[in-house]
Each structure stands twice: as structure tokens, then as C-alpha cells.
Amino acid sequence: MARVTAATLIRAIDVTPLDIPLRAPFGISGGAPAVANNVLLTVELVDGTRGWGEAAPLPPYNGETQAAALAALGTARTGLVGRDARAWRELAGEFRARGGARCGSAQCAIETALLDALTRHDGVPLGKFFGGAGTELETDMTVTTGSVDAAAAAAREIAMRGIRTIKVKIGDRLGVAHDLARVAAIREAVPGAPLILDGNAGLSRADASGFVRGLKARSIGPALLEQWLPKDDLAGMRALGEESGWLVAADESVSSAADARRVVAAGAAGVINIKLMKAGVIEALEVVAVARAAGLGLMIGGNVESILAMTVSACFAAGLGGFRFADLDTPWFLATNPFAGGYVTDGGRISVGAVAAGHGVCPRQ
Ligand SMILES: [Mg+2]
């Protein structure tokens with residue numbers, strides 16, 4: 001027994017910045033980063049098994065920064081080295097109690113690196129660890145904020161890639177009329193594509209009503225209205241769903257299971273966008289439980305993440321099963337890929353079926 005335990009003791013951890021340039025700025029309502037300033041965490045067990053976790057803070061999404069993630073992860077060594085990775089849940093709880101909860105992306109990196117090391121050691125694919133319900137998802141692809149022409153061109157490119165669902169970032173400073181023109185141009189360029197319109201909490205109630213009227217006047221019916229209103233305006237979110245008759249998703253409004261319960265109690269949304277970067281794997285499992293109990297639809301999303309973190313999210317959603325929407329497209333926006341392995345795609349189909357153990361992603365040497 002002692003020898004089994006010893007093999008999964010944590011020998012070392014390493015924390016390093018992971019800066020990946022984007023092909024073009026990733027514009028959302030709050031800003032447009034040109035580089036993914038992420039963090040790579042490596043956990044090494046005494047038998048030499050290594051596990052990797054990524055923190056992908058996204059300042060215009062929730063204010064988290066690379067500096068905050070580095071600072072939080074810099075404190076992890078003391079709590080992890082010499083401990084048994086099998087106690088991953090306890091170790092993650094200790095990190096959270098030490099302040100990890102204030103930096104969800106750092107919490108996510110700790111939990112995924114521990115789980116990756118442990119499941120690689122055991123020879124178990126991460127999707128099987130999460131339940132093994134399936135190995136495939138269908139992802140959308142995003143049209144970021146920008147000009148009307150750029151939106152139409154991006155939509156045509158997405159369709160040519162064989163991706164069905166188009167997600168459109170709306171709600172930046174250019175206003176409702178500009179966004180309506182973008183959405184209309186996308187609809188004209190790719191008439192059959194289901195549209196997810198993501199406001200990243202950037203619209204006022206008046207803007208939202210105007211947008212709904214404008215879409216209806218153009219006979220455009222989106223598949224999903226994702227977080228148009230500020231995260232605490234749950235009454236407004238409910239009213240938006242009632243006014244439009246369209247499905248509404250909560251994203252920024254739900255970082256924790258407690259947030260998910262508030263959304264349920266307010267009747268604010270029909271779908272919750274779950275992201276491991278918000279508060280880690282353990283909290284995301286709790287959010288899934290709350291959403292399922294309330295009969296809400298599940299969406300898996302992420303920040304601007306490499307193939308590493310997005311493969312973890314794919315393993316999570318495919319392994320648990322029942323996710324209606326997937327938005328795991330950001331590796332396509334990165335100019336370089338510092339990793340080998342991970343999910344494979346065919347058009348919008350994502351598969352983690354070939355992952356042999358852990359999440360299957362390793363840094364290129
Ligand atoms: Mg969103």
C-alpha cells in the first residue's frame with residue numbers, strides 16, 4: 001500500500017508564463033487582446049509522471065490577469081510538493097482556501113494539472129475519469145467584434161471550414177445599429193447557420209430591447225442570446241427571454257454553484273455556459289449538478305485558451321455528456337501551438353477519443 005501511495009507523491013511543480021500571439025485580436029465587448037497571456041503549471045510525480053494545467057485569465061472577461069494567476073500559482077509549491085496527488089480534491093480545497101478562489105484560472109490550472117498527472121499515472125483518459133459518456137462534441141466558431149465586412153468574411157470562412165454554428169460577439173462601443181448590420185451580413189453570407197449572439201454583459205436593457213426588435217424586423221431568429229446584460233441583472237435577463245421568446249444563456253452571471261442557484265431562483269436563463277476557467281473543475285461539477293437539477297441546458301465554453309485547456313474542457317463536457325452547446329474554438333485563433341496532442345477536429349466536430357491518458361497534451365520539446 002505504501003509503495004502505491006509513494007508513486008503518486010508530488011516531487012516538483014513548475015509555473016511559467018505561457019504567452020501565445022493571436023492571428024488577430026480577439027474582440028469582445030470589453031476589449032480585444034492580441035496575445036493570450038496565460039500560465040502553464042507542471043506537476044511532476046516521484047515516478048516521473050508529469051501533468052499539465054493551464055490558467056487562461058482574460059482581463060476583459062472578468063478582470064483576472066496573468067500577473068494575478070502567476071502570483072496565485074507561485075504560492076502553490078508549499079502546499080503541493082511532498083503531498084499525494086490522489087488527494088487532488090483535498091489539495092485543490094486547500095489551494096482555494098489559501099486564496100485560489102480569488103483567481104479562478106489559477107484554481108483551474110491546479111486542478112487540471114493534478115488530475116492530468118493522476119490519470120496519466122493510472123493510464124485513464126480524462127474523459128473516462130469524468131464519466132465516459134462520450135468522446136465527441138460539436139463546437140461553434142466565433143466572429144469577434146469588428147467591421148461589418150470582416151464579420152461577413154469571417155462567417156464565410158467558418159462555413160467553409162465545415163462549422164455549422166456561428167457565435168457572434170456583440171455589445172462593444174459601436175452600438176446596436178452596427179451590431180445589427182454585422183449580424184444581418186452574417187445571416188446573408190451563411191443563411192442556414194444557427195447564431196449564438198454573445199454580448200459579454202455589454203448591453204443595457206434598452207440596447208437589448210432595440211436589438212431584439214431589430215432582429216425580428218429582419219426575420220432573424222438566433223439560436224441563443226448569451227449574456228447580453230450585466231451579470232447581476234437577472235431580472236433583466238428573465239425579461240429578455242420573455243420579451244424575445246428566444247433561449248437565453250447565463251455566462252458572466254455564473255462563476256459558482258451559488259451563482260447558478262441564483263439564476264435558477266430568478267428564472268433568468270435556460271442555459272448556463274460552464275467554463276473551467278471561472279473557478280476550476282470541482283466548482284464546474286457543482287454548477288453542472290445545479291443546472292441539471294433545474295432542467296437547464298448545458299454549454300461548455302472557455303477563455304482564450306490553448307489546445308491544452310480546451311481539451312480538458314472537451315474531456316469534461318464529452319465525458320459528462322448532455323452538453324447542448326460547445327464553444328471550444330480558441331485554439332484556431334492562436335498563431336502558434338506550443339503543444340502536441342489534444343482534441344482532433346473535423347469541421348466543427350471535436351473528438352477526444354484518441355486521448356490515451358490524462359488530457360493527452362504535452363509541451364513540444
Ligand atoms: Mg460568453
Side-chain angles (χ1 to χ4, degrees), residues 1-18 38-56 69-70 72-98 100 103-132 276-277 279-285 305-316 318-320 338-343 352 354-365:
M1 186 65 189
R3 275 165 58 199
V4 172
T5 302
T8 50
L9 286 180
I10 297 165
R11 179 163 69 191
I13 79 160
D14 182 68
V15 178
T16 182
L18 178 65
N38 297 350
V39 179
L40 181 65
L41 173 69
T42 309
V43 169
E44 186 176 322
L45 307 183
V46 293
D47 74 345
T49 303
R50 282 189 286 176
W52 289 277
E54 178 178 3
L70 283 168
L73 291 170
T75 68
R77 187 170 286 104
T78 2
L80 294 182
V81 173
R83 306 286 296 278
D84 191 336
R86 290 213 184 279
W88 65 277
R89 200 149 177 148
E90 185 183 338
L91 298 179
E94 291 173 8
F95 181 74
R96 175 179 296 278
R98 286 200 308 273
C103 186
S105 61
Q107 186 73 34
C108 177
I110 290 278
E111 295 179 11
T112 55
L114 286 170
L115 282 176
D116 187 39
L118 196 57
T119 50
R120 282 182 203 256
H121 174 270
D122 290 348
V124 176
L126 199 53
K128 290 262 194 270
F129 173 86
F130 284 125
L276 304 184
M277 283 302 154
V281 173
I282 295 166
E283 194 67 24
L285 287 167
E305 303 171 10
S306 79
I307 189 74
L308 194 164
M310 288 252 140
T311 298
V312 174
S313 291
C315 291
F316 179 90
L320 285 168
F339 299 106
Y343 68 50
V352 294
V355 172
H359 53 60
V361 180
C362 303
R364 289 184 201 276
Q365 296 306 326

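The first residue in the sequence is number 1, and the count goes up from there.
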Does the side chain of [X] reach to within under 4.5 Å of the side chain of [Y], using non-hydrogen atoms?
X      : Y      : value
Val39  : Leu18  : no
Asp116 : Phe129 : no
Trp88  : Ile282 : yes
Phe95  : Leu80  : no
Cys362 : Arg120 : yes

Quiz prompt | salt bridge (charged side-chain N to carboxylate O under 4.0 Å, His left out): pairs with one or both residues in residues 6-17, sequence neighbours excluded | solution =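 Listed by first then second residue: Arg11-Glu44.
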Practice problem: Mind jotting down which residue pairs meet the salt bridge (charged side-chain N to carboxylate O under 4.0 Å, His left out) criterion with at least one end in residues 122-131? Sequence neighbours excluded, please. | Solution: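 Applying salt bridge (charged side-chain N to carboxylate O under 4.0 Å, His left out) to every pair that reaches into residues 122-131, excluding sequence neighbours, yields Arg86-Asp122.
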Just how far is it from atom [atom1] of [X] to atom [atom2] of [Y], taken to the nearest 0.5 Å?
X      : Y      : atom1 : atom2 : answer
Leu73  : Thr16  : CG    : OG1   : 11.0 Å
Leu91  : Ile110 : CG    : CD1   : 9.0 Å
Leu320 : Leu285 : CG    : CG    : 6.0 Å

Looking at [Y], is its backbone amide N or carbonyl O close enough to the side chain of [X] to form a donor-acceptor pair, meaning the two atoms are under 3.5 Å apart?
X      : Y      : answer
Arg364 : Phe339 : yes
Arg83  : Ile10  : no
Arg96  : Ala279 : yes
Thr119 : Ala357 : no

How close do [X] and [Y] get, counting heavy atoms only, and between which atoms?
X      : Y      : answer
Met277 : Ala56  : SD-N, 3.2 Å
Thr49  : Ala117 : CG2-O, 3.5 Å
Glu305 : Asn38  : CA-ND2, 4.1 Å
Ala69  : Ala55  : CB-CB, 4.2 Å
Leu276 : Ala284 : CD2-CB, 3.5 Å
Cys103 : Ala72  : CB-CB, 4.3 Å

Self-check item: With sequence neighbours excluded, residues passing ring pair (Phe, Tyr, Trp, His ring centres under 6.0 Å) with Trp52
Solution: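 For Trp52 there are no ring pair (Phe, Tyr, Trp, His ring centres under 6.0 Å) partners, ignoring immediate neighbours.
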Quiz item: Just one of Leu115, Val352, Leu308, Ile307 clears the side chain to side chain contact (heavy atoms under 4.5 Å, CB included) bar with His359, so which one?
Solution: Leu308
